[in-house]
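Below is one structure; the comments refer to it alone.
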Amino acid sequence: MKKVIALTLAGIMGLSLLAGCNSSSGGSSSSASDASSSVADSSSDSTDSSASPDSSASSAATIEKVDVTRSDSESGIFVEAVTGMSDDFVLGCDISTLIAEENSGVKYYNEDGEEQDLLLTLAENGVNTVRVRVWNDPYDSDGNGYGGGNCDTANAIAIGERATKYGIKLMVDYHYSDFWCDPSKQMCPKAWEDMEIEEKTQAIYDYTYDSLGQILKAGIDVSIVQIGNETTTGMSGERNWDKIGMLMKSAISAIEALETEYSVDIMTAVHFTNPESGNYAKFAKSLNARSVNYDIFASSYYPYYHGTLENLTAVLKDVADTYGKKVMVAEVSYTYTSEDGDGFANSASADSSGYSYPYAISPQGQANCIRDVAQAVCDVGEAGMGVVYWEPAWIPVPSDDDGTREQKWEKYGSGWATSYAADYDPDDAGAWYGGSSWDNQALFDFEGHPLISLAVFRFLRSGATTDVALDEVQNCSAIKLVGDPLELPKTVTGLFNDGSTTDIPVVWKTESDESAYDSIGKYTISGTATYEGTDYTVTCALKVNDLNYLENDSFEDEDLSMWTITNIDNVTSELFVIDKQSDAVTGTKSLHFYSTNKDGVNFSVEQTVTNLKEGEYKFTLTMHGGDASEQEIEIYAIADGVEYTAPVTITDWCEYKYPMIEHIVCTSGEITVGARVKTPQYSWGNLDDFILAPQ
């Protein structure tokens, strides 16, 4: 954004800064849902007096001095120093659910075990920015909150005042929706549903001006405003880039107007996800073509399904170099345990289907993840400006005499959704409402004590060391063909907190009759690994495949010459082998498809095998995908001039389909097998594990 002369903090911060910050726990004096009643209608009136500075916002206030000096011996973690980090690099945490958590009875502590304001604990550990999402109207007609923190403007103010008290800047994340936005949904706010694009463009200006104006009037130090959340597939119900561009430009205009009125300098950010898709250059080009004058191109990056760090650096550097933009990671997190703290299933755990875990599932693993992502952003060069960890304090609410967890989730909105969200999002939130799916990715334990991983922010520049210890004994996997003997690994890997490894002998508890593992399928075999007198329970994920005559059946090899992949009429906008373990069944690669083209997806993939013995064969593959309301998908086999087919229906991510054609008669020694996929615009999916085997 444009450079302006900033007022001193004493000149812009009001006495309201201290409200709700005086208790040792940092609890707000009123709930976010109570405070929100004063701004429920704010989106309809851009001339609200709250959006203009006045004398009430000019009282002096003091930023409390925060001690961030601790020796690396106190860290409890290893941290390799990040190179190329600027002095103003954003070290952030998204704490949007904080007020709802505190209202539900959650308490937070410092490293000494003392109850303390979460914001102070973050500041003491080097965090310089907090991110807070804002929804337009996350309440039903009776005022019941949708959950996920009930994140309205009042919630942002309550958190922002406490952040500013400790010298932490605020990053405001406007979803421009009434509830969660991500690539699977970009819903329009209720108040805007019947608006034409011109009306909606004015509405987004009015709403941004009023909401951000209230935040600035409260004396909060706003550094970044995010225009939409993970807008990979749209924004505020719009999918057309011309319309999205109009909305973004209007929101940015409102921010620029407030910069002038409040004499502040605020950077604007756009936000996308799935860097592994290769689409960031296209998104940046679309924004540039429509003259969307943003400052930061922000990405989500979750290491268990967003590809490699090298790719993250490459796609962000391309945007930075081509368009002169700053870049950052606005969301990242990692698991420290596979345990569930509140009875509501976790989004990611060791048992999550299709997920890849490149680090130990431990606090050290979290620290390594944060450090490596920060380095990946710094590797972009001077344009790399920050990393934000997503919801590090979203831990289980207590179940005590004040009510069950379920009652608190409903009353205070401290779970990811309440039953009231069905009013707005019946298909998702209305069906799967409940608690925190993120408690095992927090940087605090289930009781609110900081994990050692929180300290990583203090040591990203200097590095840190601690005593070497065994951090994790890793599980393993194995693949065998039907009829082959069972051979399991003789050792598993022990991972130390300094990154070194060792082989640890393991004894597997297998069935006495090995034929139990000779049918096609997946098996989990438990075992005991012993290191320096201590036993560790481990598992081996065994996959039994049929004999297969197809080459490169799971697309792991770079040579694809054996496959014929035909993008019919070139309508499929994405058709390629993707290296993403969460989408793959075997290995890390699969054949990916997706299309923004109005003609949807239309392609075929096939391979011909020769020199087969005369006999009968069977053909199968594995497929998953979604957003295909109408679909014509089939697998096929052609032998001796006869075509065999079997239909496939995709439903959702990781809901695997295993179509099969049996009794394929072959006397010529040649069989062609493949798949034909025809689905509508915005549908997507992956194909893997093509198998042609004897009947």
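In this text, all values refer to a predicted model and were calculated from it rather than measured experimentally.
In this view, Glu391 and Arg133 satisfy the salt bridge (charged side-chain N to carboxylate O under 4.0 Å, His left out) rule, not counting sequence neighbours. Residues passing the side-chain contact (heavy atoms from CB on, under 4.5 Å) test with Met246, sequence neighbours excluded: Ile197, Thr201. With sequence neighbours left out, Asp627 forms a salt bridge (charged side-chain N to carboxylate O under 4.0 Å, His left out) with no residue at all. Remark: Ser86 pairs with Asp88, Phe89 by the side-chain contact (heavy atoms from CB on, under 4.5 Å) rule, at least two apart or across chains. For Gln681, the side-chain contact (heavy atoms from CB on, under 4.5 Å) criterion is met by Lys598, not counting sequence neighbours. Qualifying salt bridge (charged side-chain N to carboxylate O under 4.0 Å, His left out) partners for Glu574, counting only residues two or more places apart in sequence or in other chains: none. For Lys169, the side-chain contact (heavy atoms from CB on, under 4.5 Å) test picks out Thr129, Asp221, Ser223, with sequence neighbours left out. For Ser436, the side chain to side chain donor-acceptor pair (under 3.5 Å) test picks out no residue, with sequence neighbours left out. Remark: Asp439 engages no residue in a salt bridge (charged side-chain N to carboxylate O under 4.0 Å, His left out) (not counting sequence neighbours). With sequence neighbours left out, the side chain to side chain donor-acceptor pair (under 3.5 Å) criterion links Asp579 to Thr588.
Ring orientation note: the planes of Tyr174 and Tyr176 are close to parallel, at an angle under 30° on the 30°/60° scale. Between Trp416 and Trp180, the ring planes are tilted. Angles from 30° to 60° get that label.
Residue pairs meeting the side-chain hydrogen bond (donor to acceptor under 3.5 Å, both in side chains) criterion with at least one partner in residues 311-321, sequence neighbours excluded, are Lys317-Asp321, Asp318-Thr322. For residues 240-252, the set of pairs meeting the side-chain hydrogen bond (donor to acceptor under 3.5 Å, both in side chains) definition, not counting sequence neighbours, comprises Asp242-Arg290.
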